[in-house]
Amino acid sequence: MHIRGDHTELVVGGRLDVRSAADARTVLHSAVDDGAGDLVLDLTDLDSWDATGLGVIMGAHRRAGRCGRRLVLRGVPPQMQRLLVATKLHRILAIEGGLAAESLPRV
C-alpha cells in the first residue's frame with residue numbers, strides 16, 4: 001500500500017488491508033488533523049481493501065467529522081463500490097460523483 005499527497009488530497013494505492021491498516025490510519029489521521037475543508041481520498045489506484053481497511057476509512061470519516069471536515073472518496077473502483085452498497089456505507093460516506101449504476105442493487 002502507498003499513500004501520497006497532503007492534508008487536502010491523498011492518493012491511496014495497492015492493498016488497504018490488515019497489514020497496511022496501522023500505517024494508513026496514521027497518515028489519514030495526520031492529514032485530517034493538519035488540514036481544513038474537504039479531505040479527498042483518491043482510490044483510483046487501490047487494488048483491494050478488506051474489513052480492516054474499510055474500518056480505517058470509516059475511522060477517518062468519523063475523525064474528519066469531529067474536526068469539522070468531510071472525507072470525500074474519489075475514483076472508487078467498481079468492486080469496492082459494490083461493497084459500499086452492500087454494507088449501506090454509500091449512504092454515510094461522501095462519494096464524488098456518486099456510484100456507478102452497475103454497483104447499485106437492482107429493484
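Cluster annotation: Leu93 and Leu10 are assigned to the same hydrophobic cluster (Ile/Leu/Val/Met/Phe/Trp/Tyr, side-chain heavy-atom contacts under 4.5 Å, transitive). Both Met58 and Met80 belong to a single network of hydrophobic side chains, linked directly or stepwise wherever heavy atoms of I, L, V, M, F, W or Y lie under 4.5 Å apart.
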Please tabulate, one pair per line, all N/O donor-acceptor pairs under 3.5 Å involving side-chain atoms of residues 24-36, not counting sequence neighbours.
unit_1 : atom_1 : unit_2 : atom_2 : d
Thr26  : OG1    : Ala22  : O      : 3.0
His29  : ND1    : Arg63  : NH1    : 3.1
Ser30  : OG     : Thr26  : O      : 3.1
Asp33  : OD1    : Arg63  : NE     : 3.0
Asp33  : OD2    : Arg63  : NE     : 3.4
Asp33  : OD2    : Arg63  : NH2    : 2.8

Donor-acceptor contacts, no H, no angles, side chain residues 49-57, under 3.5 Å, sequence neighbours left out:
unit_1 : atom_1 : unit_2 : atom_2 : d
Asp50  : OD1    : Thr52  : N      : 3.0
Asp50  : OD1    : Gly53  : N      : 2.9
Asp50  : OD2    : Val18  : N      : 3.2

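Taking CG from Leu39 and NE2 from His61, the interatomic distance works out to 12.5 Å, rounded to the nearest 0.5 Å. The line from OG of Ser48 to CG of Asp17 is 6.0 Å long, rounded to the nearest 0.5 Å. Distance check, rounded to the nearest 0.5 Å: CG of Asp47 to CE of Met1 gives 12.0 Å. A distance of 7.5 Å separates NE2 in His90 from CD1 in Ile95, rounded to the nearest 0.5 Å.
The shortest side-chain heavy-atom distance between Gln79 and Gln81 does not fall under the 4.5 Å cut-off. Side-chain contact between Leu41 and Val72: absent, with no pair of heavy atoms (C-beta onward) separated by less than 4.5 Å.
Considering only residues two or more places apart in sequence or on other chains, Asp45 meets the salt bridge (Lys or Arg N to Asp or Glu O under 4.0 Å) condition with none of them. Contacts of Arg74 classified as side chain to side chain contact (heavy atoms under 4.5 Å, CB included), with partners at least two apart in sequence or in another chain: Glu9, Val40, Asp42, Glu96. The salt bridge (Lys or Arg N to Asp or Glu O under 4.0 Å) check on Arg62 picks up nothing, with sequence neighbours excluded. Annotation: side chain to side chain donor-acceptor pair (under 3.5 Å) contacts of Thr87 (sequence neighbours excluded): none.
Looking at Leu73, Thr44, Leu46 one by one, the single match for side chain to side chain contact (heavy atoms under 4.5 Å, CB included) with Val12 turns out to be Leu46.
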Report task. Could you please spell out the steps behind the salt bridge (Lys or Arg N to Asp or Glu O under 4.0 Å) verdict for Asp38 and Arg70? Result -> CA-CA 5 Å; Asp38 288 352; Arg70 186 174 72 135; 2.9 Å; yes
